[in-house]
Amino acid sequence: MHAGHLALPALGALLPLLPAPSDPRGAWLGTWDRVTRFRWDGKWHEERGRAVRDWVLGGRFLRETQLDANGATEGLRYVGWDPDGRRSQLVIMDAMSPRFSLFEGAAAGDGTVTWEGEDTFPWAAEPLPVRLSVTSEGADAHTLRMWAGAGDAEQLILEVRYTRRPASPTSRPEPKRAAK
């Protein structure tokens, strides 16, 4: 320790993990089969893969690792949740872009979570407004949809249907580490 520095416990120990009733992330844990439909060059394409979701940083963030049909990583998603404001942040990193995409949103009482932001696409000269939503279809299925553009120009460009794999764990927080 350097002179003049206070010995403080890890910040995570100071901030208790308080699950919020409005937080849907626990229902999203586990391993999911996914069918992705996306619009490219004016045509719809389909691919299959898997999504593996687990808690990181003491259960404060949900991490999703997207795998293609051969098991190669295609992307990472992180979802954070503000228990006080019922607000959420979604960070997307994928093989399509070298940039982070950041979206902010909230949950509705019907099991739907919606995020908004801007993103850059290979076919667009400038960033476009983007809206994403996840709609629950019961404990073992949900669908994510992404729209790009504003007003009358807004178009559905992505739809991902997630179905829980049978041996997938249910909502379980990351194990707590023993205090040193």
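Note that the structure is predicted; figures quoted are calculated from it, not measured.
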Criterion side chain to side chain contact (heavy atoms under 4.5 Å, CB included) on Phe38 and Glu47, from CA distance to verdict:
CA-CA 9 Å; Phe38 59 96; Glu47 65 179 32; 4.0 Å; yes

query = Between Trp147 and Val160, is there a shared hydrophobic cluster once you connect ILVMFWY residues whose side-chain heavy atoms come closer than 4.5 Å?
reply = no

Next item on the list: Determine yes or no for a side-chain-to-main-chain donor-acceptor pair under 3.5 angstrom, with Arg164 supplying the side chain and Leu29 the backbone.
Entry: yes

Here the pair of heavy atoms bringing Val35 nearest to Arg48 is CG2-NH1, 2.9 Å

Run the numbers on Glu116 and Arg131 for salt bridge (charged side-chain N to carboxylate O under 4.0 Å, His left out), then give the verdict.
-> CA-CA 5 Å; Glu116 294 181 349; Arg131 182 170 53 97; 5.1 Å; no

Scanning both residues in full, the closest heavy-atom pair of Gly149 with Leu128 reads N-CB, 4.3 Å

In short, Arg87 meets Ala106 closest at the heavy-atom pair NH1-CB, 3.8 Å

Does the side chain to side chain contact (heavy atoms under 4.5 Å, CB included) test come out yes or no for Thr65 and Thr73, once each step is laid out?
CA-CA 7 Å; Thr65 305; Thr73 301; 4.0 Å; yes

Look at the side-chain heavy atoms of Ile, Leu, Val, Met, Phe, Trp and Tyr, link any pair under 4.5 Å apart, and say whether Phe100 and Leu102 land in one connected group. yes

Tell me, do Tyr78 and Leu90 make a side-chain contact under 4.5 Å, heavy atoms counted?
no

Given the options Arg63, Gln66, Met93, Arg77 meets side chain to side chain contact (heavy atoms under 4.5 Å, CB included) only with Gln66

* Glu64 and Arg53 ion-paired at < 4.0 Å -> yes

Between the CZ atom in Arg37 and the CD atom in Glu159, the distance rounded to the nearest 0.5 Å is 5.5 Å

- Tell me, yes or no, whether the heavy-atom count around Glu46 atom CD, taken from other residues, nucleotides or ligands under 6.0 Å, exceeds 12. yes

(message) Can a side-chain donor-acceptor contact be found between Asp33 and Thr163 if the only test is distance below 3.5 angstrom?
(response) no

Connected via hydrophobic side-chain network under 4.5 Å: Val91 and Leu57: yes

What one should report as the nearest heavy-atom pair of Val134 and Trp28 is CG1-CZ2, 3.9 Å

Check: Val52, Val56: one ILVMFWY side-chain cluster at the under-4.5 Å cut-off?
Finding: no

Query raised in the report: Taking the side chain as C-beta and beyond, is there a heavy-atom pair between Trp44 and Leu156 under 4.5 Å?
Result: yes

* To do: Flag the pair Leu158 / Trp40 as yes when at least one side-chain heavy-atom distance between them is below 4.5 Å, and no otherwise.
  => no

Less than 4.5 Å apart, side chain to side chain, heavy atoms only: is that true for Arg39 and Gln155?
yes

_Cationic N near anionic O, under 4.0 Å, Glu74 to Arg34_ = yes

Single-linkage hydrophobic cluster, 4.5 Å side-chain cutoff, Leu144 and Leu67 together: no

Q.
Below 30° counts as parallel, above 60° as perpendicular, anything between as tilted: where do the rings of Tyr162 and Trp32 land?
A. perpendicular

Shortest non-hydrogen pair, Ser88 vs Gly80, comes out as OG-O, 3.0 Å

For this session: Answer yes or no: is there a donor N or O on one side and an acceptor on the other, between the side chain of Asn70 and the main chain of Ala72, under 3.5 Å?
Result: no

Between Pro127 and Glu118 the two heavy atoms that sit nearest each other are CB-OE1, 3.8 Å

- [ ] For side chain to side chain contact (heavy atoms under 4.5 Å, CB included), just list the numbers for Thr135 and His142, CA-CA rounded to whole Å, side-chain angles, deciding distance to a tenth of an Å, and then say yes or no.
- [x] CA-CA 6 Å; Thr135 304; His142 55 275; over 6 Å; no

